[in-house]
Amino acid sequence: MNDMPTLRDELGIWMAAGFRSALPELPADAVIAVAPTAQAGFGDYQCNAAMGLAKRLRKAPREVAQAALAAAGTHPAVAKAEIAGPGFINLTLDDAWLARRVEAAASDARLGTPRPGDGRTIVLDYSSPNVAKPMHIGHIRSTVIGNALDRLHRFLGYRVVADNHLGDWGTQFGLLIMGFRHFADTAAYEASPIEELERIYVKSYEQSKADPSWLDAAKAELVKLQAGDAENRRLWESFVEHSMREFDRIYARLGVTFDLVRGESWYNERLPGVVARLEKLGLARDSDGAVCVFSDGTLPPKDDPLMKQEDGEWKPAPCLVRKSDGAFNYATTDLATVLSRAEEFAPDAVIYVTDERQQLHFRQFFHVARALGVTTRLVHVWFGLMRLPEGTFSTRQGNVIKLERLLDEAEERALAIVKQTSPEMPEAVQREVARAVGLGAVKYADLSQNPQSLVTFTWDKALALEGNSAPYLQYACARIASVLDKYAEQFPGGSFAAAPVALGEAVERALALHLARFPEAVLDAAAACKPNVLADYLFSLSQLYSSFYQNVPFLKAPEGVRESRLRLCSAVAAALRAGLGLLGIETPARI
RNA sequence: GUACCUGUAGCUCAAUUGGACAGAGCACCAGACUACGGAUCUGGGGGUUGCAGGUUCAACUCCUGCCAGGUACGCCA
């Protein structure tokens, strides 16, 4: 079962063989694949290769399609293959074959999903909040998207090293230490550390604006910290520890776990070595007292991340690796980090999940990493910033919405609905359901849209409980569980676990076909690093199911048909549970 | 100024990465049988895909130029 190719791969291989046999002159790089059809009238899958190839071979597209189809011969899955329009090959699956396919998926825990990641390792760098700052609604994207990518890759067999690369080192600590010494309220710090640290930081920051000597003192504290001063080190450790405790509380709530939590500070002692290596290789040199990596001129300027155009001229856009005061930049930390990861884990890829503002940084950093000999595939998955309807938010404007408040609000809204729709449920269960539904709604709101689109936060969108939302999918699961229970009650001793699946109704067949595509959705979502591909799939599956449920009887259907439909129901539930699980969304038995 | 991103139905978003008549949800209108959960289902209206060109059998998708918004562009991360 693990080696079962996906539906589209199986058909694609068959079509490719047909094309190659009919057209021996075909270039080796020609891509021949099939894709689901856009419309039901065109069958189930279509192959569009004939049109493109005909052009290259200077032949008539329909003739190419005809020849390929003839050479391909028959395929047990395909009941009908016909040529349409300028040269589309439309394939309609055989009902019985599709039924067998669904039966196989239904009895497989992975629903027929292959494990292309077996033997491969990826390092996934996500969430990465800054110490001493509260997690706000902007952090949910990196955390939730990163976590979904983690789960997706693990499911596909990859060994995933999820690393929370905390912002625990940098210039803000000088201001924090100064602020802590002068303004700290220890009771408040113990009770709500991050809130107090944030207050201290803002106050210290304002002070530094008004009083240059304050800023100098803060810088001195930072230098002391970096030099290993015991007292400052103790304070810093306390900041990190207290912050981490709050972060952990949120991660626990979100169901997010990491394999490593290595903040920037973890790489400290490696930084001088990185700069020395860059200098030794002639990649970096002194510039205005700072150490910078400049372009080596091997790339055309427009493709060179270390060049930029200004007033019609190409000018250097260097990557700073050491400031003129001797401190290191985050590019240096990222370089040290990737070198360390490459050495320790020998990954096939390192994936970074951050917001859109860091695109240039990552282009430069990847470029320099390559110059340092890093051959690992480096991927920057960026997502659009979250905004409020009135514009961007920032700590200084005081319009941040804390992540915990969002989660609280989500659970409250869900609870109100649960109490209304399931008054008979014990309150403890209602709360548990509300938790799963509320959190699911928040996560789904983010995961169901393209990560790269910009997001305007609104409460109603983040907490939607109907239509294209997590509760819609959870509701479908709950209804299936309910039907299966009723079956057990009404037909004691009955079993559908091994019942043959028959696809009588049109909606039933459509549901089965969609179910058979589960592996394709998972593979695509992981390959593109877009959880919304899977979310889309799951929503469509639920829609088909809801329609099936509403329009076709199960328990009142004749014996045989009844078991077939229940088996289909149960397979849909399995797909929804597995798919939502990959998105980090729970599926309570009752909602 | 330069680069990157975004612009699709009143609103929020999709569109299998160049495929056939651009699809969902929300909102709006009209309906749903003593079967299994109405957080549901069935049907309806709603579009010059920001604008203008170009490439080709085929463009929301690629190229060029504009318009609007966002982000970044040497010592913050």
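Throughout, a chain's letter reflects where its sequence line sits, starting with A, and its residues are numbered from 1.
Between A/S453 and B/rA14 there is a side-chain polar atom (N or O) within less than 4.0 angstrom of OP1 or OP2. In this model, the phosphate group of B/rC13 is approached by a side-chain N or O of A/K461 to a distance below 4.0 Å at OP1 or OP2. Close to B/rG1, at under 4.0 Å from its OP1 or OP2, lies no side-chain N or O of A/K308. At least one side-chain nitrogen or oxygen of A/S547 sits closer than 4.0 Å to the OP1 or OP2 atom of B/rU42.
Below 30°, between 30° and 60°, or above 60°: for A/Y549 and A/Y545 the angle between ring planes is between 30° and 60°, a tilted geometry. Below 30°, between 30° and 60°, or above 60°: for A/F554 and A/F548 the angle between ring planes is between 30° and 60°, a tilted geometry.
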Considering only nitrogen or oxygen atoms on both sides, find all protein atoms under 3.5 Å from nucleotides 60-63 of chain B and state each distance.
none

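B/rG37 has no stacking from A/Y475 on its base ring, since the centres under 5.5 angstrom apart and planes within 30 degrees of parallel are not both found. Both stacking criteria are satisfied for A/F42 over the base of B/rA20: a centre-to-centre distance under 5.5 angstrom and an angle between ring planes under 30 degrees.
Listed by chain and number, the residues in a side chain to side chain donor-acceptor pair (under 3.5 Å) with A/W236 amount to none (sequence neighbours excluded).
Contact annotation: side chain of A/S287 to base of B/rG74, donor-acceptor pair present below 3.5 Å. With hydrogens and angles ignored, no donor-acceptor pair under 3.5 angstrom links the side chain of A/K302 to the base of B/rU2. Judged by distance alone, with hydrogens and angles left aside, A/Y330 brings a side-chain donor or acceptor within reach of the base of B/rA77, the pair sitting under 3.5 Å. In terms of polar N and O atoms assigned as donor or acceptor, the side chain of A/E356 never comes within less than 3.5 Å of the base of B/rU71 in a complementary pairing.
Remark on RNA chain B: of its neighbouring residues A/Q543 and A/N329, the 5'-side contact belongs to A/Q543, judged by nearest-heavy-atom nucleotide. Nearest-nucleotide positions on RNA chain B for A/F539 and A/V483 put A/F539 closer to the 5' end.
A/Y487 and A/F496 have their aromatic ring centers within a separation under 6.0 angstrom. Between A/F365 and A/Y352, the ring center distance clears the sub-6.0 Å criterion. Aromatic ring centroids of A/Y267 and A/H165 lie under 6.0 Å apart.
Picking from B/rA20, B/rC41, B/rA27 the nucleotide with the shortest atom distance to the side chain of A/Q39 gives B/rA20. The nucleotide whose nearest atom lies closest to any side-chain atom of A/Y549 is, among B/rG38, B/rC57, B/rG23, B/rG38.
Without hydrogens or angle criteria, A/R517 side chain to A/L7 main chain gives no donor-acceptor distance under 3.5 Å.
Using the Watson-Crick or G-U wobble rule with both distances under 3.5 Å, B/rA22 pairs with nothing in any strand shown.
With its glycosidic angle more than 90° from 0, B/rU61 is assigned anti.
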